[in-house]
*Asks:* 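Dumping the structure here so I can ask a few things about it.
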Amino acid sequence: MTGNSNSNGGDNSNQNERFSHLIETLGLNLFQKIQKAKILVVGAGGIGCELLKNLILSGFINIEIIDLDTIDLSNLNRQFLFRKHHIGMSKSKIAREAVLKYNPSANIVAHHGDIKSQEFGPQYFKQFDLVMNALDNLSARRHVNRVCLSADVPLVESGTAGYLGQLTVIKKGDTECFECVPTEAPKQFAVCTIRSNPSAPIHCIVWAKMLFGRLFGVADDSNAVTDMDDNIVEGTEEQNNIVRDLQLAVEKDKGYGQWVYHKVFYTDIDRLARMKEMWKEKKPPQPRLLADIDQELDNNTAEHINTAQLKDQKVWGFKENVRVFLETLAQLKQRFEKDGALSWDKDDDMALNFVVSASNIRSHIFGITTKSKFDVKSMAGNIIPAIATTNAVIGGLIVMNAINIIDGRLKDCKSIFLIEQPSNKRMLLVSEIPKPNTACYVCQKNFITIKLNTNTVKVGQLIHDILKKHLAFSLPMLTVGNDLLYESGDEDLSKEEIRARDALEQKVLSSYRMGDNVILAVEDYLQDFKVSILINHVESFGTEEENKKKEHEKWFEIVGTATAAAPFQTQPIQSITTTATAYNAVTDIDDLEIIEPTPTTPTPTTTTTTTTTTTSGKKRKEIESAPGSEDSDGSKKQKYETIE
Amino acid sequence: MTNDSLGAKEPVNQLTDYEAALYDRGIRLWGVDAQNRLRQAKVLFIGINSLMSEIIKNTVLAGIDSITLIDNHIVTIQDLSCHLFLTHDSIGKKRADESVQSITELNPLVKVHVVDKEIESIDKEFLQAYTIVCLNAFDLNLVSKFDTFCREINIPLIATHSFGLYGFFFSDLSDFEYIKKTEKKEKDQEEPVIEYVNHKVSFPSFETAMNIQWSKTNPRRTSPLLYALTVLYQFEQSTKSIPSIENPSHLSKILEIIDGKLSASQMPSSEQEKYLHITNLLIKHQNHEIAPTCAVLGGIVGAEIIKIISKNNHVLNNIFFYDNTKGTGVVETMN
């Protein structure tokens, strides 16, 4: 698993001379462990570049890198392995080439791909002694966290934002996992705030991005930002008091730009302004006719500021916004007609200009402060400014924790925060890594593998036969990453949505994103219960003859972890309704075993529990005998000299 | 160096559109004024070892005007260690010369100069041309000498060195002023209120810092590395030489210095062992540079140089110690 030809190759003496400082500092024994270790780096961006450089220069030679991204100009302020002529190329591949220069004999494999794709499942992860995350988004980090738990491989998790950085180590059973503490959900705004009642620039920016999606994106019924042909501004059909904006049809005849402008900045605003009860406490929005704009003064109130400004930091006046809006609208329309649906991207200048101008016009109308292109880009693109120095510090600390893990000293690993200015003299705040949160649905025993044939089993079977009957979910909701795949219950859904769901239930799993190695998050609001389920594809269970003898044909198997394969015969379970609640309440494996299986048939819960116990027991032993703990000099503790 | 941040003159943006795009993330963090100041900064690096290569990488990426390298050392295979700019082909050639090409590739907008000069021959007139001086602090007598020069001409000095798993940097900005922007968000306001606050910080000289009485410190709350550094300083001052772990007379001299400091501070002589151990660790590893230590310390020093040039953020006063065995990084302020 950890063998490598390079470590014992003929150039060993040369290698050792090259790394003489490292060997003097860490000792030859630890250096050899480093050379044997096989590691995975997920992400070759800001932290990734620093980390890869540090790993190679610390003597690591067996490294795989995965990154989906390509190189952009704004990366070059920190992603120092990349050059201007690399823009547009694969980050993982260029990073590999760049660090090979530091050690040409290193064995580095670069994947230009998505960590969430099926090829990088738990089986792939198991070949590594250690995984290191250098990711910039929550959903990929949660994914890697889960796969590492499933494969039982230690993970060093890290992140930076501006001057701030942090890192920690995640080891199944020993430490908190990435999801033990719920992460703050990205800020969401109420629909009415965005559609009808904005009060801050961000509300108008979110609205402008939705308008972009409505006009140029993939058709999406949930995007109800505006209905282009609806000219009703007041009243209802029942009351027979409808007022219409007849000008909308006139503007539509003039051209696309006039039509869109009039609809979103006149008709829709007029309708809102007529809702008198909404504007008791504040000024109603003012609909703006395009024809009136030429007569207005461009009151660009350039306030006096005592700092230098970039071109993009100047706030546009109203007329400038309208001009840019009409211009980008026409250009985007052309692109849409030529290339099809567009997705909004902060680095697409045309798309950015659209959102800047549209949000600012809306802000004007609602009496909200307008923003510069520079600021809108930050807000609309959720830019967290990343700099080289913070990444350098975190990249160095990751390697120190990695070396501790390789040396079998997990207990010496620490959670570390880098802060902007010292707190009580400390720039680096060091703390013990917390123990797992016993209520964590991801890293605690609530982790289940379901083996079945993903090409024949239908979504409906998974929902009703497995999740509801066998795992006692009442209203399972299925998500993968941030995407909602399936929602139970009828109360909150429209007739159309229920019909769509019925159709969905007839699909086979692999055709609806539930193929091999996919990790489903299954949630039940009713029971306040969540569990992660790894789908494992198997062609069949046993021979037909074997199956015929049994009362029911076996078509799936539930096991406690991805690795253990305790056979489980599916049969009707009577006592299942009680188990889910018990499962949820317990905090200890021993408690779970108290649940009595019915005399004739084992309950899936019991099976799951037993499997988990044996598996985790076995795994822990493996860890103890993993490379690193066999200290040839007999010392149990730290390999290198320390102070105090 | 002109004190442009505090002048009444209204700042003007000098960044090109390309620079604005390249340095976009930095500008979003530290602002256009800071970026303009970085753009004018000329940084002098003396002693281009692995740690220094990390610092150079970090400052060059941030977008300074130019760097000047001084180092006539001939590259050996050990020097490759975790150096970012040297390759096997560099062996046998001058370290500063061999670093130029890689640095230029890192950011072609930054000018890279090499001055072929012996470090001992540098005088304060020479230093005058730079915004900040960054010195490899292997030789503490040299740090003392440069610090005296820099204080006289009011040029910021950073001196830094790593010892295997440990490292430090010393900062002397004499009397330093900066303006920090703070955003206060009032309850009923959507937009935060922006305030600019003037700060003045006074830094002690290297000599003052190194001659600190141990009795003026609290050993339980102070990095053990500080004590070791003051021992090394006294050794180098009194013997005019660098201590060697293989020289028994050096080690007895070290012991004598520790005993002297302990008794002068009326600290128990039983503490001798502890401080001897730390000091010997530093002496033993004084030439050992490893990647994780250089990355962390180089990152902290890089950030510090950027803040000092930017003059719009808190600066560390005045010695930072990093311990890679624990991941701790503390700032000790000597006065």
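Small disclaimer: the values here were computed from a predicted structure and weren't measured. Note on naming: letters A, B, ... go to the chains in the order of the sequence lines (proteins, then strands), and numbering restarts at 1 for each one.
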*Asks:* For the residue pair Val331(B) and Pro422(A), what are the closest heavy atoms and their distance?
*Replies:* CG2-CG, 4.0 Å

*Asks:* Any idea which heavy atoms bring Leu57(A) and Ala291(B) closest together, and the distance?
*Replies:* CB-CB, 3.7 Å

*Asks:* Can you measure from NE2 (His314(B)) to CD (Glu420(A)) and round to the nearest 0.5 angstrom?
*Replies:* 9.5 Å

*Asks:* Within a strict 4.5 Å, meaning less than it, do heavy atoms of the His21(A) and Cys82(B) side chains meet?
*Replies:* no

*Asks:* Just by distance, no angles: are the side chains of Asn424(A) and Arg221(B) close enough, under 3.5 Å, to form a donor-acceptor pair?
*Replies:* yes

*Asks:* Quick one about Asn313(B) and Gln421(A) (side-chain donor to acceptor, distance below 3.5 Å, no hydrogens or angles considered), yes or no?
*Replies:* no

*Asks:* Looking at Phe138(B), I'd like to know if its CZ atom is crowded, meaning that more than 12 non-hydrogen atoms belonging to other residues, nucleotides or ligands lie closer than 6.0 Å.
*Replies:* yes

*Asks:* Indicate yes or no: at least one non-hydrogen side-chain atom of Lys307(B) is less than 4.5 angstrom from one of Tyr163(A).
*Replies:* yes

*Asks:* Between Glu50(A) and Lys57(B), is a salt bridge (charged side-chain N to carboxylate O under 4.0 Å, His left out) present by the stated rule, with each step listed?
*Replies:* CA-CA 11 Å; Glu50(A) 290 289 337; Lys57(B) 175 206 69 186; 2.6 Å; yes

*Asks:* Quick one: what part of Leu22(A) sits under 4.5 Å from any heavy atom of chain B, side chain, backbone, both or neither?
*Replies:* both

*Asks:* Using a 4.5 Å cut-off on heavy atoms from C-beta on, say whether the side chain of Trp30(B) contacts that of Ile387(A).
*Replies:* yes

*Asks:* Compare all side-chain heavy atoms of Met427(A) with those of Leu316(B) and state whether any distance is below 4.5 angstrom.
*Replies:* yes

*Asks:* Could you give the distance from CG (Asp412(A)) to OG1 (Thr325(B)), rounded to the nearest 0.5 Å?
*Replies:* 9.0 Å

*Asks:* Pick whichever of Gln313(A), Lys414(A), Arg78(A), Lys53(A) has the most heavy-atom pairs under 4.5 Å with chain B.
*Replies:* Lys53(A)

*Asks:* Show your working on side-chain contact (heavy atoms from CB on, under 4.5 Å) between Arg83(A) and Glu105(B) and close with a plain yes or no.
*Replies:* CA-CA 7 Å; Arg83(A) 307 282 172 262; Glu105(B) 283 172 15; 3.6 Å; yes

*Asks:* Using every non-hydrogen atom in the two residues, find where Leu73(A) and Ala21(B) come nearest and quote the distance to one decimal.
*Replies:* CD2-CB, 3.5 Å

*Asks:* How many angstroms lie between atom CD1 of Ile290(B) and atom CD1 of Ile23(A), to the nearest 0.5 angstrom?
*Replies:* 12.0 Å

*Asks:* Measuring only between side-chain heavy atoms, which start at C-beta, is Asn58(B) closer than 4.5 Å to Phe80(A)?
*Replies:* no

*Asks:* Above 12 or not: heavy atoms from other molecules or residues under 6.0 Å from CD of Glu183(B)?
*Replies:* yes

*Asks:* Lys101(A) versus chain B, heavy atoms under 4.5 Å apart: side chain, backbone, both or neither?
*Replies:* neither

*Asks:* What part of Leu418(A) gets within 4.5 angstrom of chain B, counting heavy atoms only: side chain, backbone, both, or neither?
*Replies:* side chain

*Asks:* Using a 4.5 angstrom heavy-atom cutoff, name the option from Val330(B), Val32(B), Ile27(B) with the most pairs to chain A.
*Replies:* Val32(B)

*Asks:* Check whether NZ of the Lys or CZ of the Arg Lys84(A) lies under 6.0 Å from the centre of the six-membered ring of Tyr18(B) and within 45 degrees of that ring's axis.
*Replies:* yes

*Asks:* What part of Ser378(A) gets within 4.5 angstrom of chain B, counting heavy atoms only: side chain, backbone, both, or neither?
*Replies:* both

*Asks:* Would you check, one step at a time, whether the test side-chain contact (heavy atoms from CB on, under 4.5 Å) holds for Leu61(B) with Asn77(A)?
*Replies:* CA-CA 5 Å; Leu61(B) 289 173; Asn77(A) 78 320; 5.7 Å; no

*Asks:* Quick check on Leu86(B) against chain A: is it the side chain, the backbone, both or neither that has a heavy atom closer than 4.5 Å?
*Replies:* neither

*Asks:* Under a 4.5 Å heavy-atom cut-off, does chain A meet the side chain of Glu54(B), its backbone, both or neither?
*Replies:* side chain

*Asks:* Taking Arg28(B) for its side chain and Phe374(A) for its backbone only, find out whether a donor-acceptor pair lies under 3.5 Å.
*Replies:* yes

*Asks:* Heavy-atom distance under 4.5 Å between the side chains of Lys311(A) and Asp17(B), does that happen here?
*Replies:* yes

*Asks:* Is it true that the side chains of Arg426(A) and Thr328(B) contain a donor and an acceptor less than 3.5 Å apart?
*Replies:* no

*Asks:* Considering only heavy atoms and a distance below 4.5 Å, find which of Gly31(B), Gly299(B), Ser50(B) pairs most often with chain A.
*Replies:* Gly299(B)

*Asks:* Are Pro292(B) and Asn54(A) side-chain neighbours, meaning at least one heavy-atom pair lies under 4.5 Å?
*Replies:* no

*Asks:* Should the heavy atoms of other residues, nucleotides or ligands under 6.0 Å from CD1 of Ile384(A) be counted, would the total exceed 12?
*Replies:* no

*Asks:* Shorter than 4.5 Å, heavy atoms on both sides: which option in Leu15(B), Asn287(B), Thr76(B) has the most such pairs with chain A?
*Replies:* Asn287(B)

*Asks:* Before you tell me yes or no, could you show the steps for Gln78(B) and Glu17(A) under side-chain contact (heavy atoms from CB on, under 4.5 Å), namely the whole-Å CA-CA distance, both residues' side-chain angles and the distance that decides it to 0.1 Å?
*Replies:* CA-CA 7 Å; Gln78(B) 281 83 15; Glu17(A) 210 177 340; 3.9 Å; yes

*Asks:* Using a 4.5 Å cut-off on heavy atoms from C-beta on, say whether the side chain of Ile300(B) contacts that of Thr389(A).
*Replies:* no

*Asks:* Just so I understand: if I count every heavy-atom pair under 4.5 Å between each of Leu106(B), Asp79(B), Asp24(B) and chain A, which residue has the most?
*Replies:* Leu106(B)

*Asks:* Is there a donor-acceptor pair closer than 3.5 Å between any side-chain N or O of Arg18(A) and the backbone N or O of Ser81(B)?
*Replies:* yes

*Asks:* Heavy-atom cut-off 4.5 Å, strictly under: side chain, backbone, both or neither for Leu76(A) against chain B?
*Replies:* both

*Asks:* Just verifying a value: how many Å separate Asn36(B) CG and Leu310(A) CG, rounded to the nearest 0.5 Å?
*Replies:* 8.0 Å

*Asks:* Within 45° of the axis and under 6.0 Å from the centre of the six-membered ring of Phe321(B), does NZ or CZ of Lys425(A) qualify?
*Replies:* no

*Asks:* Contact part of Phe163(B) toward chain A, heavy-atom cut-off under 4.5 Å: side chain, backbone, both or neither?
*Replies:* neither

*Asks:* Measuring heavy-atom distances to chain B, does Tyr102(A) have an atom under 4.5 Å in its side chain, in its backbone, in both, or in neither?
*Replies:* side chain

*Asks:* Applying side-chain contact (heavy atoms from CB on, under 4.5 Å), run through Val393(A) and Leu297(B) and close with a yes or a no.
*Replies:* CA-CA 7 Å; Val393(A) 174; Leu297(B) 185 56; over 6 Å; no

